[in-house]
Amino acid sequence: MDEAVVEPTPVQTLARSAVKGQYLSLSPSFQRSLASWVKVNIKKKECCFYVEDGREGICKCGYPKTEHYDEAIKPEDYMGEQWDRHRHVREYIRVSSDTSCESLYQLMTEHWKLRSPNLLISVTGGAKNFYIKTHLKDKFRRGLIKVAQTTGAWILTGGTHTGVMKHVGMAVRDYTLSSGLTEGQIVVIGVAPWGVIHNRQALIHPEGCFPAYYSLDEQGQGRLSCLDINHTHFLLVDDGTHGHYGVEIELRARLEKLISQQSLGNRESGVTIPVVCVVLDGGPGTLNTIYNAMLNHTPCVVLEGSGRLADVIAHVAALPKSKVTLVLINQLMKRFFVQEYKSFAEVQVIEWTKKIQDIIRMPHLLTVFRIDEDKNYDVDVAILQALLKASRSDEHAGRQSWERQLELAVAWNRVDIAESEIFSEESQWTSCDLHPAMFSALVGDKPEFVRLLLENGVCVRKFLEHEDTLCELYAHLPACFFLRKLAKRVQGGKIRRGQEPPPGSKKISLSHVADEVRHLLGSFTQPLYVPSRYKMTKDDVPSKGLVDLPCSGEEWTADTVWDPGRDLFLWAVVQNNRELAEIGWEQCRDCIAAALAASKILRKLAQESGEDNCEEAKEMRELANYYEKQAIGVFSECHSWDAQRAQKLLIRVSPSWGKSTCLWLALEADAKSFIAHSGVQALLTQIWCGELSVDNPHWKVLVCMVFFPFIYTGFLTFRRDEDIQRQAERTEQQKLAMDSVFSGSSDTKIKRHYRGPSHQSELKPLNCSSRLMSLFTSPQVKFYWNIASYFGFLWLFAVVLMIDFQDYPSWRELLLYVWLTSLVCEEVRQLYHDFDGSGFRKKAKMYISDLWNILDVLSIILFITGLVCRLQASGTVFYVGKVVLCIDFIIFCLRLMAIFTISRTLGPKIIIVRRMMMDLFFFMFLLSIWVVAYGVAKQGILIHNEDRLNWIIRGAVYEPYLIIFGNVPSNIDNTQFDMGTCSVNGSEPLKPKCPVLNDDNMPAFPEWLTIIMLCVYLLFANILLLNLLIAIFNPWFKCMIFTGQELEQTVDEELLSWEAYMKDNYLASTRQDESQSVEHRIQDTAEKVGVMSELLEREQEMVSATMAKRLARLEEQVSESTKALRWIVDALKSQGCKSKMQPPLMTGKSSDRDDGESSGQETDEESAPHTFARQLQYPSSTVERFPVPEEKVPWEVNFTQYLPPVYNRQDSNDSDTAVLDKYRNPGGRTGIRGKGALKSLGPNHVFHPVITRWRDAERKVLEFLAVWEDAEKHWALPGAPAKPDECLAQTLERILGKKLHDKTKSKLDTGEQVCKGYVDDSRNTDNAWIETTIITLHCDKNTPLMADLNRTVESSTSSHQPFQWREVSSAACVCPYQREALRQIAHSHKTHF
């Protein structure tokens, strides 16, 4: 039970338009600019003419006398003009009822920052509180929120806390509470009249500022209404009156119409924002709203069971039109309106009956949501299906209608609706038809729709066939780090870090994308889109169809590869979109390289984004790790099937990714997990061994390095020997298989045919020189020789330093210098060798980034420094040079660790030691605090005024450091004091200064204090800190890192196909593993149970509906049988004479008749009389017809309430009743008397000649000659009123013109008459109507007459009534009776209409 809650709620008021929200914190500058905009564009109305309405002190505007200005109050004897609400108002700052809707839409989108809607839901119905069943209420609230959330819709209501508006507000409140959002994603706009709002004074501010505080006080509102605080925005409409409801209806209708004319989405696809009306309960005002909405082609969804008008429409929607009579509507009104029915006038019921009959004549715009029949879905599905049904039945039906439906489904992001309503067996889609929807789905980040479109025929190659599509995709990238980098590159680096690109920036081309992607991938790759220096002709196109994508205004070279799957995947990866990237990756052929390239790009983007985008960088790293795992998964699948082919994939040059290899990409992406894969390690081992077999033990390789003749004895195995052995085994197996197949055949030619090619491709063993070259060119052997050489260098260096360091360099020392020169040359080669074309600057940066290279440079510099000092004649400098060289020897020895990093045993430990150094630095910082603290305190206690720096450092730092390693000091214990070991005044440089002595020449320091300090120092330094160091170092021992190299090879197209097949296997196995999980099985079982229960419910409903139909038919047959029996009885009573009654026909409705659409509407065999002639609004006037229900149309039917108005557009004396009664419309009553817009009373004859032709030689498209009606603003059939004294030839000449008539008069005499007589036209009245004669003339395309007609049509373009050939179809913009004539013409020519 909803109770009234009185609480202050802040409401954002803007131009007296309120937006409900929390305490808003907006900048003062924004408030000032917004307030100034409001003062200019938004107005209010205020009464300036006080006239009492019968109540003392109350004006006709509804406001009391005290709220009027003095000049508005006139004297009591004032006899001037009377009060008029349209004239006696003064503009002020509040939303006026005549405010421009463009200004309101600008207010909502630009100042309130609301996104343009993809759908507008106008909820209307009962304005008073009404009862609704709990089940229907839950379905309505849940479905309304779901459709608004999934489609990005705006919900428009009356805004007050009563009736249907209250139900909408409660739905928003429940959603906000359940989702935990302070500001809901649902946009609910209330359009309420200002004069009926209770507590509206709280919303008034002199400057129109906010926030304002509004209290919901239902108990004290009286006849006024409170705003519903659960709405998100309000438009408060003021017409200057007080207490008058309904003043906002006109403004709301205009606003809905304006929104419906706005373009849907970002692209100019011609699709506008759809509008749907949802009806609950309601009264006469709601009926007018529904009627006007459907006349404007707005679909309506009526909820059966919500009460009153909604139930009336729901009941008659399922009936044939002939049964919807005035009597039935009276019964339903009395049933559903109960006490309120007594206040209805008879004329009102007649008008409502007419409107309800017109409503059910538009079944394509009416959808009834029945809770009993629609248990399988909520209101959201009914709303969306109603929009699609209205779109399908549009006048412009066909392919455009289907494309509009698809655009709407994409904008709503409702895959379920697209699957069930659009992608059905009836619709046949081509890839080109789906391209706009594909673009919208990609730009709108709707991966489920992208996958659905791919499943239903979208070809990525055709979609990205034109480079403009890909450029436009990059131009529509969402706000991300890559877009900022790309915009910065386009603008030439003018955009700062964190700044968004300006809206008017230069166009993004593929060359910009290629440069930025190459920067992210690395300069070792080639640009993905390289412009050519020449324009490619058709003859230059490659035979395989790999046509290149050009940049803006540029062509591409023939050697670059166009890979649309890669382009789509790359576009999704750079924006860090996981779902779209997964779809794009599935479209890639070179999937392992694509995954590794994505990992590299994402890690580089995360690195460059820095701390400014911490969350985005984290997501990029997670996605990079994901694609590294995907690459591992696909490669594992390939390796399990064929290890050799899998290894070829690693070294295959990928033209799609800048002519790089998978192994190279993995190394650059730092994909350690991928490189650690056993298959990759096997390839690296094979590359490491070269032509040698990987199974050779190390000791054999070392032996052959020294005694190389052993390679000719089979001591060392080569890869060629293993290949020959495997080939021999395969050949033997093939031979045995062939012998078993041809064992019974004696034809030797067949055997030779199948055995011949195998002998021609046999591998030959290596010769002697090849074996020797293979041994010494193996990377493994080279490395071993390098190690031996380095050990020799260190041995020679040590010999020179310890044994042979003379004043003048000996031959050993000179050899050492030569050896060092070779090392310097190697370092220079590493620095300048640009094997990947990255440039010297990047090579230098990479060289310096390696710690071992820095160590090499340091060792060489120290060696040169020591050499320079060593060559000096001075003995001191000579010795300094030797010391420097000794230190340099230590660094050269440390360089050995870099050599042994490749070892499986030593490598990880060396890397761990290197990484421990940083942690050791922080540990030493902590340790130094304790060392210095203890050392200074001890030195100050023991020694008095020591002035020798070296002994100060010894006592304060050196001795405390040695204590950690167990060197316990003796100078803190008096029992071990010896005067001979120290100097009293510190005069002896080799002895420390004695501590402070007493009179007995014994230390005077407190011994107990120094011992306690030592114990505490050892406790923290030795036990606590050293154990902390062990704990810090422990995790590093778990790190194992391996590195490798790569080798380029080529591979044919079959390798890619095999890789794609393996990728599909991997994805299938992954999905199978997911489907076999317990959670998935439970979910699958629940879905199956739900489907079964739904099918059972539907079957039960179908059975019950079928039974009801059978009973209805049985009842009808019984009624007919009763009539037949009465006839028989009458015939018998006449004793053989004929009965006065005709025997009744025993007919009934067909048993196999369907129900029709969801509204239950059935079509009658006979159409209702002149529907257009009974439209309530007479065309081009303000006159309204008297409502005429269908059963009251015939003149023979008594209609005592019939009082039609008399209307003559032209001043006429034909208003006399006696004159008018002489002319009666043969179609029946129309609701208006007089001539109306016609020329004369009685029949007004109109003649239409229709000239047709075939557009094509296949005779598939029939065209007619149309003329432009400037007054009606549409094309129509040529025609004119026929004068009584005018012959047919003169009439045709007046219609077609003299030239056209002269060319066609010989044919028009033989023209075929299509129709003649009375036509249903909206201009008809009771006393004047249109009768038409339509003839058709068909002309052959290749005749002289047709050539003359075409020239006449072309020359008429500059005249006031131009002619044009138009297609004969249902989409032809002509009036209804002309469209019916065209349908008959199309039928006579046997073509589709």
Side-chain angles (χ1 to χ4, degrees), residues 109 114-121 142-155 171-172 175 178-179 181 184-188 259-260 262-267 269-276 278 299 301 377-392 401-424 427 429 433-458 463 473 476-479 568 571-572 575-584:
T109 55
L114 297 180
R115 294 185 60 184
S116 298
N118 295 322
L119 170 64
L120 180 63
I121 305 174
R142 183 171 58 246
L144 184 66
I145 294 300
K146 184 178 180 181
V147 71
Q149 184 183 14
T150 56
T151 64
W154 286 2
I155 303 175
V172 177
Y175 167 75
S178 62
S179 60
L181 299 175
Q185 300 175 354
I186 309 301
V187 177
V188 185
I259 295 176
S260 66
Q262 307 301 314
S263 298
L264 177 67
N266 298 325
R267 303 187 80 190
S269 59
V271 181
T272 57
I273 298 174
V275 182
V276 64
V278 180
V301 178
Y377 56 82
D378 291 333
V379 179
D380 63 312
V381 179
I383 292 174
L384 301 180
Q385 286 180 344
L387 286 164
L388 296 180
K389 183 172 67 173
S391 177
R392 281 196 295 268
S401 174
W402 286 106
E403 292 176 356
R404 170 181 166 82
Q405 295 178 53
L406 183 58
E407 284 286 342
L408 292 177
V410 173
W412 301 334
N413 196 21
R414 293 299 297 262
V415 180
D416 54 339
I417 297 296
E419 288 179 333
S420 60
E421 300 292 333
I422 299 176
F423 292 110
S424 58
S427 58
W429 296 92
D433 297 333
L434 300 176
H435 289 175
M438 183 71 172
F439 185 90
S440 300
L442 288 172
V443 173
D445 188 16
K446 296 164 184 176
E448 294 182 357
F449 245 109
V450 174
R451 197 177 294 276
L452 177 66
L453 293 171
L454 289 173
E455 292 174 356
N456 285 274
V458 171
F463 174 65
L473 283 175
H476 285 83
L477 277 176
L568 182 61
W571 176 82
Q575 59 177 298
N576 196 24
N577 192 316
R578 183 164 187 164
E579 291 80 6
L580 291 179
E582 184 69 18
I583 297 173

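The residues of the chain are indexed from 1 along the displayed sequence.
Using a 4.5 Å heavy-atom cutoff, the side chains of Val275 and Ile259 are not in contact. Leu144 is listed as a side-chain neighbour of Ile155, based on a closest heavy-atom distance under 4.5 Å. Counting heavy atoms from C-beta on, the side chains of Gln149 and Tyr175 come closer than 4.5 Å. By the 4.5 Å heavy-atom criterion applied to side chains, Leu120 and Pro274 are not counted as neighbours. Annotation: side chain of Asp445 is not in contact with side chain of Gln575 (no heavy-atom distance under 4.5 Å). Annotation: side chain of Thr150 is not in contact with side chain of Asn413 (no heavy-atom distance under 4.5 Å).
At least one donor-acceptor pair closer than 3.5 Å links the side chain of Trp154 to the backbone N or O of Arg115. Side chain of Asp433 to main chain of Trp429: no donor-acceptor pair is present (N/O by atom type, distance under 3.5 Å, no hydrogens or angles). With Thr272 contributing its side chain and Ser260 its backbone, the two residues share a donor-acceptor pair below 3.5 Å. Panel note: side chain Asn118, backbone Ala153; no donor-acceptor pair is recorded below 3.5 Å.
With values rounded to the nearest 0.5 angstrom, Leu384 atom CG is found 9.5 Å from Leu408 atom CG. One finds the CD atom of Gln262 at 8.5 Å from the OG1 atom of Thr109 (value rounded to the nearest 0.5 Å). Taking CZ of Arg451 as the reference point, atom CD1 of Ile583 lies at 4.5 Å (rounded to 0.5 Å).
Residues meeting the side-chain contact (heavy atoms from CB on, under 4.5 Å) test with Val276, sequence neighbours left out: Leu119, Ile121, Pro299, Val301, Ile383, Leu387. Every residue two or more places apart in sequence or in another chain that forms a side-chain contact (heavy atoms from CB on, under 4.5 Å) with Glu448 is listed here: Val415.
Closest of all the heavy-atom pairs between Pro436 and Glu407 is CB-OE2, 3.5 Å. Between Phe439 and His476, the shortest heavy-atom contact is CZ-ND1, 3.9 Å. Here the closest heavy-atom approach between residue Phe449 and residue Ala441 is recorded as CB-CB, 4.0 Å. Heavy atoms only, all atoms of each residue included: Leu477 and Trp571 are closest at CD2-NE1, 3.3 Å. Scanning both residues, Ile186 and Val172, for their nearest heavy atoms gives CG2-CG2, 4.4 Å. Taking every heavy atom of both residues into account, Leu452 and Asn456 meet most closely at O-ND2, 2.7 Å.
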task: Check step by step if side-chain contact (heavy atoms from CB on, under 4.5 Å) holds for Phe463 and Leu473.
output: CA-CA 12 Å; Phe463 174 65; Leu473 283 175; 4.3 Å; yes

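Between Arg414 and Asp380, at least one side-chain N (NZ, or NE/NH1/NH2) sits under 4.0 Å from a carboxylate O, which counts as a salt bridge.
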